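Note sheet for the following structure.
Predicted model, so just to flag it, every value in this text is computed and none were measured. Along the sequence shown, the residues carry numbers beginning at 1. Both counts, for ligands and for their atoms, begin at 1 and track the order of listing.
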Amino acid sequence: MSTRESLEQLRKEINFHNYRYHVLDAPVISDTEFDRMMAELKRIEAEHPDWVAPDSPTQRVGAAPSEKFEKVRHPAPILSLANAFGANEARAWFERIRKVDDRVEKTKFVVEPKIDGVSVVLHYRDGIFMQGATRGDGEVGEDITANLRTIRAIPLRIPVESKAKPATSDKLKDLPLFGSTQHLAIANTLRVRCQQSSIAQPPAYLVVRGEAFISVKNFEELNKRLEENGEKTYLNPRNTAAGSLRQLDPAVTASRPLTLLSYQIVAWEDSLPQPPDHLTTRPTSQWEVLETLQALGFPITNTARRFDDIESAIAYAETWALRRDELPYEADGMVIKIDDLRLAEDLGFVGKDVRGAIAFKFPACEVTTKLQEIRVNVGRTGVLTPYAVLEPVEIGGVIVERATLHNFDYIAEKNIRPGDRVLVKRAGEVIPYVIGPVVDLRTGAEKPYAPPKTCPACGQSVEHFEGEVAWYCVNAACPAQLVRNVEHFVSKGAMDITGLGIKIVEQLIAEGLVKDVADLYTLKKDDLLKLEGFADKKADNLRTAIRASASQPIQRLITALGIRGVGEVVAADLSRAFPALDLLAKASVDDLQMVEGIGPNIAAAIVDWFNRPRNRAVLEKLRAAGVWPVSNSQSAVRNLQAGPLAGLTFVVTGTLPTFSRDEVKNFIQSHGGKVTDSVGKNTSYLLLGENPGSKLAKARALGVKIIDEGELRTLITDY
Ligand code: IVH
């Protein structure tokens, strides 16, 4: 194969794996393997700069910041939807359009979630992503191509080439649209399209509309990270997505966890001349639109369903009104669409709203209530975070009594005052937050809020660091910080000490028995018996659980220390590079940055943590108490270099007889092996437990060796 051919091959493979990961959420190779392919592609492109094409996977990031966004005229108006609140309004819509056109009686309906994101319009010429725009006023939007390129769910070239054999019905079950057997008939149609799309030309010109958004989980993770670093948190996923797409510097957009689901074909021009039996003609129904988008490699929702009549469509939309929290993104309703696109088009529009579809809105998730008080929480790193104590109010079936106020700047900007009536929003799993005050309802008694000058927990003065929005309590002995610290230290992903709940932690600290985490290991039975609710057995159990945690593997102890930016994944990476805490304590910023996944910020935070005398003292106390996993043990060092499982990659499925998932992971890692989530050709062993999942079939298909827990143990003893 010539270099040029291997470059093309590599691009196809990368696109395929990108699709598996970001569109199907079902990767078949590890991140490391993917990174290696990208590195190889970059190397070839560096040697042959004239081969770099705009649709190369290397071109997602790195475009220069622009001065301003150019205007883009949409090929057809980008229309919107009218709202229906409840079943009766949806029925009224149906009756209205039935009077306009009696074909409505015969049509089917497609029901899709109405994602609360940002509408975007994507242009493809000869299968290559050329331009992407915002909706703007529906006629003209703004060119945000460079930003959209950074969204990995958006294919840069369609159809996404797949090395995989033509999909079989069985395989299609794994695809988002085909969760249940009820869709097998459609799966067959899609198979034709899939096979066909892999040989056919894509349309000469295709314009797709979709919704760009940030999932609730990614949004919360983003905010948690920002809060821990004393930075401003974002208000809600929608605003964050919109703000991220309007960045002039695409590198900023690339750092935000945006994704996309597509739902409309705005323009489709086939290449001419057409072969007579050409199948990729423009779809004529909404259901076919979704199938076709999926077959071309665009992400689509897995929640869409098609119904024969309006009542079934409404009933389905109503079920989601009750289950909206289960959607991975914020949705403000379901969209009920006429399936027959010809009919939908003939129905036309009213103002900017199409007649052929309606937004079936979920009940409001914003209510007003009284802000009784603003309280301040002290976090593990000392960050002070204000929150609202509300007069209890029901929002979407849940009683809300607390809501976040983000930070002190937010309270000032929105002029939120204790005693105000405030608008509160709760959507999906996102923590409820205060949108702002209803100023017209003020009595005049509400006084502006002043942030505390001292820590509400320890009374020491608070500080503000240059460039950060947060205020900190910098008193290392602050009891509130200590409670959070100990809480984190004993938590499941860290030292996992069962029976040590927050109430007991608070008691231990209030009684002065625990001044730092190391004190846990020297607690005497008599000390515990003095605490309320403690009798003989409870004291013994707790001491046993604490003692048992001393033999947790080193990565758990690293996690437990609570260093900024060092979660379970980073801790595991660190423990492989630094098999003992003294080695980690001595590491420089440069040493640390040699570890994959560790950037300058985390490296600096680690060095800073180990430089603090108070932390050093805690480490010494832990060492003295025998909480020093693998530190001086030669075997651990040897295992980390060349353990019995070195170079082997494991995937676990099902329930194991004795190990929990976490335990087996630690066991494998502490013997030099690696554990990944999905079976690929580089998986060495599938570790099989009871009630295995789909990984078993995948392992069999790939010929991966399958072992049970007993055989895993022999791998180590035979070493
Ligand atoms: S259909 C002609 N489908 O909701 C087609 N819209 O006004 C009209 N939205 O801002 C839109 N999910 O961006 C449609 N599955 C979905 C949608 C959806 C979200 C947004 C759309 C627009 C608003 C409707």
Could you tell me which atoms of ligand 1, counted from 1 in the order shown, lie closer than 4.0 angstrom to a heavy atom of [X]?
{"X": "Ser119", "answer": "13 (O)"}
{"X": "Leu79", "answer": "8 (C)"}
{"X": "Ser80", "answer": "7 (O)"}

Exercise. Run the side-chain hydrogen bond (donor to acceptor under 3.5 Å, both in side chains) check on Asp353 and Ser80 step by step: do they pass?
Worked result: CA-CA 5 Å; Asp353 299 338; Ser80 54; 2.9 Å; yes
Exercise. Between the candidates Gln286, Gln264, Arg135, Lys337, which shows the shortest non-hydrogen contact distance to atom 1 (S) of ligand 1?
Worked result: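 Among Gln286, Gln264, Arg135, Lys337, the closest heavy atom to atom 1 (S) of ligand 1 belongs to Lys337.
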Problem set entry | Polar contact flag for Leu81 and ligand 1 (N/O pairs, less than 3.5 Å) |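 Among all N and O atoms of Leu81, at least one is under 3.5 Å from an N or O of ligand 1.
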Exercise. Just distances here: any N/O of Val335 and N/O of ligand 1 closer than 3.5 Å?
Worked result: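 The answer is no, given that Val335 and ligand 1 share no N or O pair closer than 3.5 Å.
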Exercise. Can you check whether Arg256 reaches Tyr234 side chain to side chain, under 4.5 Å on heavy atoms?
Worked result: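 SC-SC contact between Arg256 and Tyr234 confirmed.
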Exercise. Heavy-atom contacts under 4.0 Å between Lys114 and ligand 1: side chain, backbone, both, or neither?
Worked result: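 Within the 4.0 Å criterion, Lys114 contacts ligand 1 through backbone and side-chain atoms alike.
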For this session: For ligand 1, note which part of Pro113 has a heavy atom under 4.0 Å away: side chain, backbone, both or neither.
Result: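 Within the 4.0 Å criterion, Pro113 contacts ligand 1 through backbone atoms alone.
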Exercise. Which of parallel (below 30°), tilted (30 to 60°) and perpendicular (above 60°) describes Tyr124 and Phe298?
Worked result: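 Tyr124 and Phe298: perpendicular rings.
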For this session: For atom 20 (C) of ligand 1, find the nearest protein heavy atom and state the residue, atom name and distance (0.1 Å precision).
Result: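 Here the nearest protein heavy atom works out to Glu211 OE1, 3.6 Å.
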For this session: Measure the distance from atom 10 (O) of ligand 1 to every protein heavy atom, then report the residue, atom name and distance (to 0.1 Å) of the closest one.
Result: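 Its nearest protein heavy-atom neighbour is Arg209 NH2, 4.1 Å.
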